[in-house]
Amino acid sequence: MPTPAESMSNHPLPTPTRDLDRARADLDQFGFCLLADAMEPRWLAALRTRIDEQALAEEQAGIAYFDGAPHQNWGTFRDDTGQPRSSSFSRHAGGVNQRLWMLVNKGDVFLDILAHRDSRELVGHVLGEHYILSSFTANIANPGGVAMKLHTDQWWAPAPTRRGRDNLRVGSMARDRFDVDEVPPSMIAPAACCNIMWMLDDFTEENGATRVVPGSHMSGRQPDPVADAALETIPAVARAGTAMIFEGRLWHGTGANIGNTTRRGLLTTYCGPQYRPQENFTIGTDPAVLDAASPDLLQLLGFRVWGGYGRTDSPLVDFVDRGAPPVGEMHPR
Ligand SMILES: O=C(O)CCC(=O)C(=O)O
């Protein structure tokens with residue numbers, strides 16, 4: 001994997017561009033690209049207002065979720081013997097970075113993001129013609145938030161293995177446990193998901209711009225918290241209104257916010273239709289949103305049947321019918 005310095009010596013690192021060919025080339029080479037002016041000023045202002053209102057209201061209602069604290073713990077994972085394993089992530093409130101989940105339910109202004117043509121074109125470049133939404137969230141990185149552990153967004157994807165090797169079983173993987181082969185893989189997994197960071201503020205090194213390792217998408221492995229601890233990362237700095245598209249294998253994490261201003265970002269994560277989305281849209285989406293949804297939105301939310309998957313009954317339908325009663329136990333007349 002090229003270090004950032006090596007990448008820079010061959011080709012310039014991605015800078016914000018409106019040129020989709022250049023964006024595709026940046027994605028291929030570096031694992032990310034920066035789409036300039038993805039949100040025009042009026043829309044950006046509306047998104048900021050809506051996210052601020054929602055964040056405050058969730059805090060007032062006592063349901064706000066915060067992370068970004070040091071020594072976090074993403075719940076208790078168990079190993080194959082049932083013993084708890086420690087982890088450095090957190091699923092509990094703690095820290096200063098506010099997360100908002102399920103933005104599909106929290107205002108029409110967010111749904112417009114899902115219909116953004118150029119970003120969807122770039123997601124299609126990474127994932128192909130069929131994909132679904134995995135999550136739609138916000139990360140409001142406040143002053144004092146520490147850097148997030150480097151990770152990929154497809155930590156769950158089984159690593160390629162060799163014939164006869166006793167590989168880690170796919171159901172045994174936890175967020176802090178990966179299948180590491182002593183022989184470096186000659187094959188690597190394809191990108192299984194693709195994320196977009198929608199920058200609602202200028203992203204700067206000081207306010208915690210997302211840190212990335214350019215070229216890490218070609219490493220064929222997950223970052224190791226110990227061995228890669230000293231790895232050089234770069235901040236993805238860009239003006240408010242920029243969208244950073246980054247593919248699922250890129251090593252990245254929220255930067256530490258050592259400034260005195262808030263860094264607001266929205267994250268739309270897409271994945272192949274065969275994977276389980278992070279957010280359970282089929283059950284969690286507001287029925288009013290579904291009633292008004294276009295076929296494209298319904299597809300993104302997992303209502304389209306893909307190769308027989310996602311069906312409730314017959315695979316011979318394009319979309320599941322939300323209103324259809326389940327076919328239950330039947331008896332001949
Ligand atoms: O907020 C950011 O800069 C990145 C967030 C991230 O990597 C994540 O939520 O997994």
Side-chain angles (χ1 to χ4, degrees), residues 14 31-35 38 47-48 51 55 64-69 72-75 87-103 113 133-157 174-176 178 191-214 216-217 222-223 225 228 231 233-240 242-259 261-271 275 277-279:
F32 72 103
C33 69
L34 292 158
L35 192 59
L47 286 164
R48 284 176 176 151
I51 209 72
Y65 180 103
F66 289 89
D67 64 14
Q72 296 174 333
N73 177 9
W74 264 63
S87 161
S88 57
F89 283 89
S90 171
R91 79 158 97 107
H92 310 290
V96 297
N97 292 349
Q98 188 172 358
R99 301 275 186 161
L100 289 94
W101 316 119
M102 290 291 291
L103 293 184
I113 282 200
L133 189 64
S134 177
S135 60
F136 192 173
T137 66
N139 189 7
I140 303 175
N142 284 306
V146 303
M148 188 181 188
K149 190 167 99 170
L150 273 184
H151 61 282
T152 77
D153 286 332
Q154 59 184 69
W155 50 271
W156 38 263
R175 192 159 181 153
D176 58 351
F178 303 113
C193 62
C194 182
N195 207 339
I196 305 182
M197 168 59 90
W198 301 84
M199 302 180 186
L200 301 191
D201 294 297
D202 291 346
F203 270 38
T204 66
E205 177 149 27
E206 201 176 45
N207 73 8
T210 312
R211 313 262 341 168
V212 300
V213 182
S216 52
H217 64 309
Q222 305 292 329
D228 299 312
L231 191 72
T233 64
I234 61 156
V237 295
R239 284 184 22 207
T242 306
M244 174 171 73
I245 294 93
F246 54 112
E247 62 129 281
R249 298 171 295 183
L250 185 76
W251 300 7
H252 69 280
T254 315
N257 187 337
I258 56 167
T261 59
T262 293
R263 188 227 73 178
R264 292 165 293 187
L266 307 181
L267 290 151
T268 48
T269 311
Y270 299 90
C271 65
Y275 302 114
Q278 275 189 303
E279 296 188 320

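What you see is a predicted model; the values in this text were computed from it and never measured. Each ligand, and each atom within it, is numbered from 1 in the order the structure gives. Computed from heavy atoms alone, side chains included, the values below leave out hydrogens, waters and symmetry copies.
For R263, the salt bridge (charged side-chain N to carboxylate O under 4.0 Å, His left out) test picks out no residue, with sequence neighbours left out. Among residues two or more places apart in sequence or in another chain, the ring pair (Phe, Tyr, Trp, His ring centres under 6.0 Å) test is passed with F32 by none.
Of the listed residues (N139, L103, I196, D153), just one forms a side chain to side chain contact (heavy atoms under 4.5 Å, CB included) with L267, and that residue is N139.
Between A191 and E247, the shortest heavy-atom distance links the atoms CB-OE1, 3.6 Å.
Looking from atom 2 (C) of ligand 1 to the surrounding protein, the closest heavy atom is T254 OG1, 3.2 Å. The protein heavy-atom contact nearest to atom 10 (O) of ligand 1 is H151 NE2, 2.9 Å. Of the protein's heavy atoms, T210 OG1, 2.6 Å lies nearest to atom 3 (O) of ligand 1. For atom 8 (C) of ligand 1, the closest non-hydrogen atom on the protein side is M148 CE, 3.6 Å. Of the protein's heavy atoms, R99 NH1, 2.7 Å lies nearest to atom 9 (O) of ligand 1.
Heavy atoms of R264 found under 4.0 angstrom from ligand 1: none, in either backbone or side chain. Proximity of N139 to ligand 1, defined as any heavy-atom pair under 4.0 Å, is confined to the side chain (atoms from C-beta onward).
Within the 4.5 Å cutoff, no side-chain heavy atoms of L47 are placed close to those of W198. You'll find the side chain of H252 reaches within 4.5 Å of the side chain of H151, heavy atoms only. Contact of the E279 side chain with the T137 side chain is registered, since non-hydrogen atoms from C-beta on lie closer than 4.5 Å.
Heavy-atom contacts of M197 reach the following atoms of ligand 1: 1 (O), 2 (C), 3 (O) (cutoff under 4.0 Å). Residue-ligand proximity, H252 to ligand 1, at heavy-atom distances under 4.0 Å covers atoms 7 (O). For ligand 1, the atoms closer than 4.0 angstrom to any heavy atom of R263 are 1 (O), 2 (C), 3 (O).
Not a single heavy atom of R211 sits less than 4.0 Å from an atom of ligand 1.
Aromatic ring pairs are classed by plane angle as parallel below 30°, tilted from 30° to 60° and perpendicular above 60°; the pair W156 and Y275 is tilted.
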